[in-house]
Every structure is written in structure tokens, then in C-alpha cells.
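Accompanying notes for the structure given below.
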Amino acid sequence: MQRTKVKDLLQGAEEGKEVLLKGWVRTKRGNKYVNFIAVNDGSTINNLQVVADEKFSEESLKDITTGAAISVVGQLVASQGKGQAYEVQATSIEVVGKADPETYPLQKKAHSLEFLREIAHLRFRTNTFGAVFRVRNTLAFAVHRFFNEKGFVYMHTPIITASDAEGAGEMFRVTTLDPTNPPLTENGQVDYAEDFFGKATNLTVSGQLEGELAAMAFSDIYTFGPTFRAENSNTTRHLAEFWMIEPEMAFYDLKMNADLAEEFIKYIIRYALEHNREDIEFLGQRLAEEDKSKPQQERQEMTLLEKLEFVVSNDFERVTYTEAIDILVNSNHYKKKKFQYDVSWGVDLQSEHERYLVEKHFKKPVIVTDYPKDIKAFYMRLNDDGKTVAAMDILAPGIGEIVGGSQREERLDLLVERMKAVGIHEEDLWWYLDTRRFGGCPHAGFGLGFERMVQFVTGMGNIRDVIPFPRTPQNAEF
RNA sequence: UCCUCCUUAGCUCAGUCGGUUAGAGCACCUGACUGUUAAUCAGGGGGUCCCUGGUUCGAGCCCAGGAGGGGGAGCCA
């Protein structure tokens with residue numbers, strides 16, 4: 001007999017038929033004569049109610065406890081009770097895997113996210129994390145779908161890299177040398193010529209530079225892979241291992257780049273709204289519940305669903321860095337000296353400034369462009385004013401920077417000059433510079449932090465709760 | 001890395017001014033109840049008060065150090 005998933009059973013397509021159902025027990029309730037078992041198999045946030053009437057002895061039901069894996073055969077019927085349209089009238093129930101209620105950590109009540117983080121191997125079985133990871137899956141699929149529909153080529157850029165020139169942060173060393181007794185050079189340094197690759201290697205901090213090489217042949221490419229940063233960051237929006245999406249487009253300028261990023265973000269949110277509405281509704285209720293315990297001022301104006309609907313149906317705000325500085329300097333907030341950090345042209349925007357722009361001033365996602373060249377990376381294209389570069393950051397309410405991108409400097413002389421200024425050796429990036437020597441063209445791209453996107457869509461406040469097993473400083477459990 | 005808060009039952013948390021035997025809700029176990037919706041009702045078991053040291057007649061509470069966790073900042077996606 002073929003197993004049917006809970007999601008399909010709840011549609012009622014097999015009403016009246018005998019069905020086979022497998023899953024995990026969420027709760028059991030009832031009395032001597034009839035028991036109700038809520039079963040979830042991860043296919044949907046909703047449980048299917050299994051009814052075990054008096055022909056099941058108490059003894060035969062005693063191992064059906066929260067967390068146990070069971071297999072049920074029975075008839076799918078319209079429910080006699082309220083709260084669900086269909087239920088399964090059981091004819092046989094097999095306990096496939098017991099879960100000792102004395103030691104099983106999950107209970108049929110709400111747990112704190114912090115506690116669940118400590119039992120990340122079991123937290124998938126909760127409503128909240130079930131919803132989060134179904135949404136994550138849908139968003140990942142939507143990423144590929146979006147780019148595939150647009151004719152982008154999915155490119156696998158290397159995980160291990162010998163280049164540390166990108167400057168996007170501290171890197172994790174990859175080595176097979178004996179850490180207690182490494183080979184040394186004449187002047188006492190570790191001799192990486194002896195190492196596996198014959199040189200010092202690290203885990204990638206970005207696939208962008210390699211992505212640019214591919215874009216110079218396929219026109220439009222994207223990467224979607226793991227990224228590693230050895231920064232000692234302890235925040236709700238940083239991970240040492242995270243997933244990043246990096247499209248790179250030949251013959252794109254900054255505006256086309258921003259247009260694509262906005263279309264992309266709206267597309268994947270809309271896709272999640274269409275395919276995971278119940279999950280998002282549940283997560284929204286969770287947030288609303290959480291909000292009740294907060295002071296009035298900190299409460300959300302919109303529900304999660306309203307926020308997402310708003311984002312997909314309204315244009316993102318677009319301002320230049322210079323305009324953003326003007327807005328901040330002329331704000332009442334600034335005049336009342338409520339910013340901890342001062343604002344002036346040339347300094348990077350602090351978190352509090354970004355939050356003000358996004359959450360107080362515009363109240364929607366904001367694309368900030370044309371930053372001073374000195375606070376941005378060497379590969380960004382110099383604007384005609386000679387002091388700003390064609391950079392763009394997309395700032396999202398509650399998350400901050402969700403996208404960082406730019407039009408790339410395609411002019412060899414200017415690029416080399418910029419590399420010299422920041423101390424990057426030409427010979428280390430000879431292959432990168434070759435794309436400017438041979439058939440170079442204007443091009444642009446951006447990086448989107450996938451977990452930050454999942455945070456935005458699920459409303460989860462801590463990035464550690466939107467990746468299955470988070471890697472952060474001092475923590476690589478599971 | 002810096003600032004700040006927290007750590008008491010399986011979970012969430014209370015614990016007065018330093019004072020006798022450390023509490024509640026939920027969970028769990030036992031019993032009751034013929035359709036429940038985190039079922040309900042009654043009873044029961046359950047504690048290294050994070051660790052180490054100190055002050056004190058006496059420490060869950062005060063002091064010092066350490067560990068773990070949360071939030072904020074920086075770095076960024």
C-alpha cells in the first residue's frame with residue numbers, strides 16, 4: 001500500500017478510501033474509549049488527526065507519545081469534530097520508533113528559541129522550525145527558478161581558493177599540514193609550498209571574482225553556494241558559514257543591476273507567499289504573540305503577511321549615498337542628537353543610520369547607490385565625479401543590508417591604479433585582470449545573503465534560527 | 001573584539017532585608033471522564049539553585065574569578 005503525505009490527505013482527495021499514513025506524533029489526547037493522535041510528517045504545518053476508538057486497548061496505545069514515529073492504516077473520513085475537515089479512522093497503528101516521554105526534550109507546548117537552538121537536531125519537529133525550513137526550501141527553489149527563467153547560467157565557483165585579495169573579511173585556512181609540526185622555511189615561517197596545493201589556501205569569502213570570469217562568456221550567470229567568514233562576529237545577522245547568491249551580468253550598468261535585484265527579491269518573496277502561505281501565516285501569528293509582550297513603541301505596525309505583501313507590491317526607494325546623508329543630517333532625529341554616531345559625507349552609514357532611513361524615514365526597502373570610493377571595495381567602478389563608485393546596497397526593514405553590489409571597474413588602467421592604492425598585487429589577480437585585457441565590457445553584479453532573506457520572509461529575529469546548524473564563533477555543534 | 005543582561009525542577013519562570021524543610025505553571029507518572037483541539041479534573045514523583053573560591057553564626061541571595069547563553073556595537077551578506 002502506497003503511503004500518502006499529510007498534505008495530500010488534508011486536501012481530501014482520498015476521502016472514503018483506506019490510506020497509509022506515516023509520521024511523528026505531536027500530541028495524543030482522549031480517554032478510555034477514544035483517542036486523538038495529531039500526526040505530522042513535515043509536508044505541511046498542519047497535523048492530521050488520527051482517531052483510535054475503543055477497539056484499541058490502552059496497552060496498544062501507550063507507546064504513542066509525543067515524538068514517536070508511527071505508521072497508521074485507516075479510512076480517510078470527514079471529521080466529526082471541529083478544527084479539521086478530515087481525519088483518519090484508524091484500523092491499525094504501528095509504533096515504528098518510540099520516544100520515551102521522560103527524556104524526549106520536546107513537549108507539546110511552546111519552547112524558547114534559545115532552548116531549541118541547543119537541540120537543533122530535534123527542532124525541525126516543531127511548528128516554528130518546520131515552517132522556517134519549508135520557507136527556506138521554497139526560497140532556494142525560487143532563486144533557481146528566477147534565474148533559470150531569465151536564461152542565467154548557474155555557475156559553481158570554487159569553495160577552496162588561493163586568492164585572499166577580495167578583502168571581504170578574515171578567512172578560514174585550509175591545510176593538510178601537521179599543526180603541531182609544520183614544515184618551516186629558512187626564516188621560520190610555515191612553508192606552504194609543502195602544503196596540499198603548494199600554496200596557502202582558504203575557504204572562499206565570495207565567488208564574485210570567478211563569477212565575473214564566467215559572465216565574460218555566458219553574459220549572465222549566478223552562483224548560489226556556501227561562503228565562509230572567520231570574523232569574530234556575534235550578532236543576530238552574522239554566521240561564519242552562510243549561503244550567498246551572486247549574479248553577475250555582462251553589459252549591465254548600475255541601474256540595470258538595481259532593477260534586477262529588486263525584481264529578484266520581489267519574485268522570490270511572491271513565490272514563497274504563493275507556496276508557503278500557511279507557514280508564513282503561522283510565523284506571523286508567532287510574531288504577533290511575541291509582540292504582545294513588548295512595549296507599544298517596539299511593536300510592528302504591519303503583520304508579517306502585510307509586510308511581505310507591501311514589499312512585493314511597492315517600488316523600493318532609491319537614493320544616492322549623498323542624498324541619504326542629507327536626509328539624515330536634516331532629520332529631527334539628528335537635530336535632537338539622538339544618533340550615537342555622527343553623520344557626515346565620507347563616513348560609512350552605521351546600523352542606526354540605516355535603520356532610521358529604512359524603518360523611520362522611508363518605511364520600505366531602500367537602495368542606496370554611489371558611495372564614496374574610500375569606503376568600498378577596489379573592484380567597484382569609479383564614477384565620473386572621481387570620488388564616488390557605482391555601488392549599491394539594499395537595506396531591508398529589520399535586517400539591514402541584505403544586498404551589496406556594484407557595477408565593476410572594467411577599465412584596466414583605473415582598476416590597476418585602485419588595486420595599487422589598496423595594496424593588492426597585480427600578479428595575484430593576473431587572471432582577473434585578463435578579463436579587462438581581452439574583450440572586457442561593462443558589467444555588474446551583487447551578492448544577496450540568503451539567510452538574511454530567509455529572516456526577512458519568516459520574520460525570525462536571529463540568523464541562527466534560519467539555517468539548520470549554525471556556525472558561529474565558539475560553536476560548531478551538530 | 002567591546003558594552004550590557006541572564007543562568008533556580010524536563011521546559012518557562014517566581015524566590016521579600018542574608019535566616020527554619022526552595023516554590024508556581026506546564027511537562028511526566030497514577031486515577032477519573034464516550035469526540036478531543038497545547039483536552040479537562042484529582043493526586044503523586046522530581047532540585048549539583050551554572051562552576052570554583054571567599055565573606056558570614058548562617059549564602060539561591062553578598063564579593064572575586066571562570067564557563068555557558070541572550071541582546072546591542074563593530075566587521076559584513
Side-chain angles (χ1 to χ4, degrees), chain A residues 26-38 46-54 58 62 65-67 77 79-84 87 89 99-119 126-127 166-170 205-208 224 226-246 261 293 298 340-341 348-355 375-377 393-396 399-405 446-456 461-467 472-475 477:
Chain A
R26 284 295 176 78
T27 72
K28 182 182 72 173
R29 51 183 172 260
N31 51 53
K32 208 183 294 180
Y33 308 96
V34 60
N35 276 277
F36 303 95
I37 306 156
N46 299 305
N47 302 327
L48 186 64
Q49 173 157 290
V50 172
V51 183
D53 62 19
E54 62 265 311
E58 277 189 76
K62 79 168 169 38
T65 56
T66 301
V77 296
S79 180
Q80 293 175 38
K82 288 173 186 163
Q84 61 279 315
E87 63 191 17
Q89 194 73 41
D100 179 5
E102 286 286 344
T103 50
Y104 184 61
L106 289 174
Q107 299 165 10
K108 47 188 178 187
K109 66 159 205 161
H111 290 285
S112 68
L113 296 176
E114 290 82 6
F115 171 70
L116 293 171
R117 221 171 279 153
E118 289 169 18
I119 50 165
T126 63
N127 285 335
E166 212 252 336
E170 290 295 310
V205 292
S206 165
Q208 180 199 316
F224 185 1
T227 310
F228 307 88
R229 307 246 169 117
E231 300 288 347
N232 192 8
S233 297
N234 290 288
T235 77
T236 54
R237 56 191 186 284
H238 286 88
L239 291 165
E241 176 184 287
F242 63 101
W243 289 68
M244 188 156 62
I245 296 142
E246 294 180 289
S293 60
E298 288 171 35
Q340 199 184 332
Y341 293 89
D348 209 354
L349 298 176
Q350 302 289 321
S351 283
E352 58 175 350
H353 306 141
E354 294 181 351
R355 273 206 309 274
I375 58 173
K376 287 291 180 184
D393 284 358
I394 301 184
L395 311 176
I399 310 288
E401 188 176 342
I402 198 161
V403 162
F446 61 86
L448 177 136
F450 185 57
E451 282 75 18
R452 290 187 182 174
M453 194 67 222
V454 180
Q455 274 189 281
F456 186 73
N462 193 317
I463 201 165
R464 295 167 196 136
D465 294 330
V466 298
I467 190 166
T472 52
Q474 298 300 310
N475 177 35
E477 192 67 42

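In what follows, chains are A, B, ... by sequence order, proteins preceding strands, each numbered from 1.
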With a non-hydrogen cut-off below 4.0 angstrom, is T235(A) in contact with a base, only sugar-phosphate, or nothing? base
Under 4.0 Å between any heavy atoms, over every strand shown, what does Y341(A) touch: base, sugar-phosphate, or nothing? Just pick one. sugar-phosphate
Which one, A73(B), G71(B), U36(B), comes nearest to the side chain of T236(A)? G71(B)
Could you state the atom-to-atom distance from CG of N46(A) to C1' of A38(B) in whole Å? 15 Å
Candidates G74(B), G72(B), A77(B) - which lies nearest the side chain of S233(A): G74(B)
Q474(A) CD to G68(B) P: how many Å, rounded? 6 Å
On the nucleotide G74(B), are OP1 or OP2 found under 4.0 Å from the side-chain N or O atoms that Q350(A) carries? yes
Quick check on G70(B): is either OP1 or OP2 less than 4.0 Å from any side-chain nitrogen or oxygen of R464(A)? yes
What contact category does Q84(A) fall into here, base, sugar-phosphate, or nothing, at under 4.0 angstrom with non-hydrogen atoms? base
Where each pair must be Watson-Crick or G-U wobble with both distances under 3.5 Å, what dot-bracket representation of RNA chain B is obtained, with crossing pairs in [ ] and other-strand partners as |? (((((((..((((.....[...)))).(((((.......))))).....(((((..]....))))))))))))....
Can you tell me the distance, in whole Å, between the NZ atom of K32(A) and the C1' atom of U30(B)? 13 Å
Give one of base, sugar-phosphate or nothing for Q49(A), where a contact means two heavy atoms less than 4.0 Å apart. base
Please report the distance separating the P of C33(B) from the corresponding atom of G10(B), rounded so that it comes out in whole Å. 32 Å
Please work out if N462(A) contacts a base, only the sugar-phosphate, or nothing of the nucleic acid, heavy-atom cut-off 4.0 Å. sugar-phosphate
Which atoms form the tightest heavy-atom contact between E451(A) and I467(A), and what is the distance? OE2-CD1, 3.5 Å
Quick check: do T236(A) and I463(A) have side-chain heavy atoms less than 4.5 Å from each other? no
When you compare C6(B) with C61(B), how far apart are their C1' atoms, in angstrom units rounded to a whole number? 15 Å
N35(A) CG to C33(B) P: how many Å, rounded? 14 Å
Decide whether R464(A) and N475(A) meet the rule of one side-chain donor and one side-chain acceptor closer than 3.5 Å. no
The side chain of V34(A) lies closest to which of these nucleotides: C11(B), A73(B), G35(B)? G35(B)
Heavy-atom pair of closest approach, residues P105(A) and I119(A): CB-CD1, 4.0 Å
Roughly how many Å apart are C29(B) and A9(B), using the C1' atom of each and rounding to a whole number? 15 Å
Within the structure shown, what part of the strands sits under 4.0 Å from E102(A) by heavy-atom distance: base, sugar-phosphate, or nothing? sugar-phosphate
Base, sugar-phosphate or nothing for E114(A)? Non-hydrogen atoms, less than 4.0 Å. sugar-phosphate
Does any part of the side chain of E58(A), heavy atoms only, come nearer than 4.5 Å to the side chain of K32(A), both counted from C-beta? yes
Just jot down the salt bridge (Lys or Arg N to Asp or Glu O under 4.0 Å) partners of D393(A), sequence neighbours excluded, or say none. K376(A)
Have a look at S79(A) and say if it touches a base, only the backbone sugar-phosphate, or nothing, with a 4.0 Å heavy-atom cut-off. base
Using only side-chain N and O atoms of R237(A), determine if any of them is under 4.0 Å from OP1 or OP2 of A73(B). yes
Please give the distance between the C1' atoms of U30(B) and G45(B) as a whole number of Å. 10 Å
For E246(A), report the nucleic acid contact type (base, sugar-phosphate, nothing); a contact means any heavy atom under 4.0 Å. nothing
Before we go on, tell me: are the rings of F450(A) and F242(A) under 6.0 Å apart, centre to centre? no
Please give me the minimum heavy-atom distance between K108(A) and K28(A), naming the atom from each residue. NZ-O, 3.3 Å
Which atoms form the tightest heavy-atom contact between I375(A) and D348(A), and what is the distance? CD1-OD1, 3.6 Å
D465(A) and R117(A), any side-chain heavy atoms less than 4.5 Å apart: yes
Remember a base hit wins even if backbone is also touched, and classify R117(A) as base, sugar-phosphate or nothing at under 4.0 Å, heavy atoms. sugar-phosphate
Measure from CD on E58(A) to P on C29(B) and round the result to the nearest Å. 12 Å
Looking only at side-chain atoms of L239(A), point me to the closest of U36(B), A77(B), G35(B). A77(B)
So S351(A) and R237(A), do their side chains get closer than 4.5 Å, heavy atoms only? yes
S206(A) and E246(A): side-chain donor and acceptor closer than 3.5 Å? yes
What nucleic acid atoms does F115(A) come within less than 4.0 Å of, heavy atoms only: base, sugar-phosphate, or nothing? sugar-phosphate
How about Y33(A) and D53(A): do any of their side-chain heavy atoms sit closer than 4.5 Å? no
Roughly, in whole Å, what's the span from CD in E477(A) to C1' in G69(B)? 14 Å
Both Q89(A) and R355(A) contact RNA chain B. Which one's nearest nucleotide lies toward the 5' end? Q89(A)
Any N/O pairs under 3.5 Å between the protein and nucleotides 41-43 of chain B? List them or say none.
none

Length of the line joining L395(A):CG and A77(B):P, which is rounded to integer Å: 12 Å
For H353(A) and A73(B), what is the distance between atoms NE2 and P respectively, to the nearest whole Å? 12 Å
Distance-only donor-acceptor test (3.5 Å): side chain N234(A), base U1(B): yes
Over all strands shown, is G30(A) touching base, sugar-phosphate only, or nothing at heavy-atom distances under 4.0 angstrom? base
N31(A) side chain N/O closer than 4.0 Å to the phosphate oxygens (OP1, OP2) of G35(B)? yes
Is the base of C76(B) touched by the side chain of H238(A) through a donor-acceptor pair closer than 3.5 angstrom? yes
Any donor-acceptor pair, under 3.5 Å, between the side chain of Q107(A) and the base of G10(B), if you only look at N and O atoms? yes
Classify S112(A) by what it touches in the nucleic acid, base, sugar-phosphate, or nothing, heavy-atom distance under 4.0 Å. sugar-phosphate
May I ask you to say what A110(A) touches in the nucleic acid, namely base, sugar-phosphate or nothing, with a heavy-atom cut-off under 4.0 Å? base
Name the closest nucleotide to the Y33(A) side chain, picking from U34(B), G72(B), C28(B). U34(B)
